[in-house]
Amino acid sequence: MKQRIIWISLGVLTVLIRWIAGFYPQEVENIYSRGIYQTVRWVFDHTLTITPIPLLYVLFVLLVAWLVWAIVKFFRDKRPLGKKLWNTLFSLLAFAGGFIFFFTWLWGFNYARIPIEQQLNFKPQALDLQEIKTTFNEHTILLDSLRANILNADTTALSADFLPENLENQMRDLLTTTLSDLDYPITGRVRGRLIYPKGILIRNSASGIYIPFIAEGNIDGGLHHLSIPFTIAHEMAHGYGHGDEGTCNFLAYLACQRAENPYIRYAGAYSYWRYLRSALRRLDNEAYLNLEARFPIGIRNDLESLKRSWELYPQSFPRLRDWLYDRFLKSQGVSEGVKSYSKIVMMVEAWEQLEKDAR
């Protein structure tokens, strides 16, 4: 009982500290994100993450074993049902307290750090319909030129054979170089591992997930190959201390664009182009359909290939998942919730305008 009270207390205290931290992003940035978290990152990267298999599998086995043990213990308990239920409730509260404590101190405080746009001094602004149309047209032309640079690519949908070998290390190098150029610390060697069975994340409306308890990025093994480079960089960006989804998308885009490999550049630009596409469809679907009819055949075939890959893994309760994740993000100070993913459009356009002005 005493241990459970300790974990419950630690969870409540952590929630209180996290709430206060939200009012002091500069202190979080200096003390936690660039201080405490760098130590956490170093420890993980020199211990657990050197294992040859994804730690997600180990975590799953441990959780299942704990659940089986808890169920067996419940039915073996000879006390009255009321006392057993009270004991179980206390255990669940202690588990929740421990979850909150470790999630927040191992990574979660990064949600309260200074937003990247504030640190880099650029101001994302919402784009109106005409701006979206213009930007979408420009990036469609750019995308077609990037695709033309891929050796041996024709107008048929690109295959997974174009994925470069040792992709995880390449994406890590690209991301850490990007972060270093932006004056962010790059302690450690964040992993971005493909996990199986295929579709386990896609069926839950996710391409990848970063889990602080194992300090690894996990990417669905069934993800279409065009989405893999961008998604690996996104999950690794979480591992390097960035919580906001829009920020991780932004960093993933910048990392892909500095690649020497033309396929990685194309894949990164394609992921961004799809966010622009979604924005245009949401604002004016008729205008989008008119543009879609004029897409270069190679881009169109890649889009159809990607659509078919998602259809292989029908999503389970997508609205419930989005609602729960939206609530979680907002509880961590991400005011846009799940909409923060599409914030990449505003961020990229503001960043590119800043670079144009600097030139």
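Here the structure is a predicted model, which means the values were calculated and not measured.
For R79, the salt bridge (charged side-chain N to carboxylate O under 4.0 Å, His left out) test picks out D77, with sequence neighbours left out. With sequence neighbours excluded, the residues that form a side-chain contact (heavy atoms from CB on, under 4.5 Å) with V58 are I53, L55, L62. Residues satisfying the ring pair (Phe, Tyr, Trp, His ring centres under 6.0 Å) criterion with F230, sequence neighbours excluded, are absent altogether. Partners of N30 under the side-chain contact (heavy atoms from CB on, under 4.5 Å) rule, at least two apart in sequence or in another chain, are Q26. Legend: residues meeting side-chain contact (heavy atoms from CB on, under 4.5 Å) with F74, ordered by chain and number and at least two apart, are L81, K84, L85, T88. Residues forming a ring pair (Phe, Tyr, Trp, His ring centres under 6.0 Å) with H139 (at least two apart in sequence, or on another chain): Y272. With sequence neighbours excluded, the residues that form a side-chain contact (heavy atoms from CB on, under 4.5 Å) with D161 are S159.
Chaining together hydrophobic side chains whose heavy atoms lie under 4.5 Å apart leaves V61 on its own. The hydrophobic cluster around I297 extends to none of the other residues, as no ILVMFWY side-chain heavy atom falls under 4.5 Å of it.
Among residue pairs with one or both ends in residues 4-16, those qualifying as side chain to side chain donor-acceptor pair (under 3.5 Å) are R4-N87, R4-S91, T14-W105; sequence neighbours excluded. Applying the ring pair (Phe, Tyr, Trp, His ring centres under 6.0 Å) rule to pairs touching residues 147-187 yields Y184-H242, sequence neighbours excluded. Sorted by first and then second residue, the salt bridge (Lys or Arg N to Asp or Glu O under 4.0 Å) pairs involving residues 266-278 (not counting sequence neighbours) form an empty list.
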